[in-house]
Amino acid sequence: MDLKPYVLEILDNTYLMSLGTVLDNKPWVSDVVYVFDDKFNIYWLSKIDTRHSKNISLNPIVSASITLSTNQGEDNKGLQIEGKAYKVNGLLPEMAIKHLFKRKKVGVDLKDILKIRDERWYKLIPESIEVIYEPLFGFERRKFK
């Protein structure tokens, strides 16, 4: 079964990702506003002095969870991801525009998006993506990537 439509449904209709990092056997989770590219790489902006950014600089192995379901009684739909994350050099204008629209910041001058002050882009390259889509699979996960 082609899982791509379900993965896209979840990625297109959510904006927060819970990002898990580890350093010195101490786990940490942070919620970040994300965007993604056509290869399912995930990008977000963070300050380099946050705990998750510092953790990534020393240990790029991360996990993430993205959940479409938000209300009790709803069918569960979500993604569980593992991979490696890195700080990206540069402004990534295409991702910046997607990020603005994902956050529904309408009316902001697009030139302002590219003026990233003390935030930097980070990129998660998934090595594994598991799909949770209760309407079709119950509580069984399906491997997408």
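Numbers here simply count residues along the sequence, with the first being 1. The basis for the numbers below is simple: all heavy atoms, side chains too, and nothing from hydrogens, waters or symmetry mates.
With rounding to the nearest 0.5 angstrom, the NZ atom of Lys47 is 11.0 Å from the NE2 atom of His52. The NZ atom of Lys123 sits 4.5 Å away from atom CG of Asn41, with the distance rounded to the nearest 0.5 Å. Atom-to-atom distance recorded for Ile56:CD1 and Tyr122:OH is 6.5 Å, nearest 0.5 angstrom. To the nearest 0.5 Å, atoms CD (Glu74) and OG1 (Thr67) are separated by 11.0 Å. Rounded to the nearest 0.5 angstrom, Thr50 OG1 and Arg120 CZ are separated by 12.0 Å. Going from atom CG of Leu19 over to atom OG of Ser46 covers 7.5 Å, rounded to the nearest 0.5 Å.
Here the closest non-hydrogen pair linking Glu134 and Asp75 is OE1-CA, 3.4 Å. When all heavy atoms of Pro5 and Asp2 are compared, the closest pair comes out as CD-O, 3.5 Å. Considering every non-hydrogen atom in both Lys102 and Leu11, the closest pair reads NZ-O, 2.7 Å.
When the side chains of ILVMFWY residues are joined at heavy-atom separations under 4.5 Å, either directly or via intervening members, Leu45 and Leu92 end up in a single hydrophobic cluster. Connection of Leu3 to Leu136 is established within a shared hydrophobic cluster, with ILVMFWY side chains joined at heavy-atom distances below 4.5 Å, either directly or through further cluster members. No path of Ile, Leu, Val, Met, Phe, Trp and Tyr side chains, each step under 4.5 Å between heavy atoms, connects Met17 with Val35, placing them in separate hydrophobic clusters. Placement of Ile132 and Leu79 in two distinct hydrophobic clusters is found when ILVMFWY residues are connected by side-chain heavy-atom separations under 4.5 Å, directly or transitively. Following chains of ILVMFWY side-chain contacts shorter than 4.5 Å, one cannot reach Met95 starting from Tyr15, and the two form parts of different hydrophobic clusters.
Inspection of the Asn76 and Ser69 side chains reveals no N or O donor paired with an N or O acceptor under 3.5 Å.
Residues Arg51 and Lys26 form a side-chain contact, since some pair of their non-hydrogen atoms from C-beta on lies under 4.5 Å apart. Looking only at side-chain heavy atoms (C-beta outward), Phe40 and Ile81 stay at 4.5 Å or farther from each other. By the 4.5 Å heavy-atom criterion applied to side chains, Ile48 and Lys87 are counted as neighbours. Side-chain contact between Pro135 and Lys77 is present, with at least one heavy-atom pair separated by less than 4.5 Å.
In this structure, the ring-ring contact (aromatic ring centres under 6.0 Å, His included) partners of Tyr133, at least two apart in sequence or on a different chain, are Tyr6. Under the side chain to side chain contact (heavy atoms under 4.5 Å, CB included) criterion, Asn13 pairs with Glu9, Leu68, sequence neighbours left out. Not counting sequence neighbours, the partners of Ser128 by the side chain to side chain contact (heavy atoms under 4.5 Å, CB included) test are Glu82, Glu130, Lys143. The side chain to side chain donor-acceptor pair (under 3.5 Å) search around Tyr43 returns Asp37, not counting sequence neighbours. For Glu127, the side chain to side chain contact (heavy atoms under 4.5 Å, CB included) partners are Lys84, not counting sequence neighbours.
A 6.0 Å sphere centred on CG of Leu8 holds more than 12 heavy atoms belonging to other residues, nucleotides or ligands.
Between the side chain of Trp121 and the main chain of Asn89, no donor-acceptor pair closer than 3.5 Å is present. At distances below 3.5 Å, not a single donor-acceptor pair connects side-chain atoms of Ser53 with backbone N or O atoms of Asp49.
Ring geometry, Phe36 versus Tyr34: the interplanar angle falls from 30° to 60°, so the pair is classed tilted.
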Determine all donor-acceptor pairs shorter than 3.5 Å in which one atom belongs to a side chain in residues 58-66; sequence neighbours excluded.
from: Asn59; atom 1: OD1; to: Ile61; atom 2: N; distance (Å): 3.2
from: Asn59; atom 1: ND2; to: Val22; atom 2: O; distance (Å): 3.1

Given Phe137 and Met1, is the side chain to side chain contact (heavy atoms under 4.5 Å, CB included) satisfied, shown in steps? CA-CA 11 Å; Phe137 317 126; Met1 169 180 251; 3.5 Å; yes
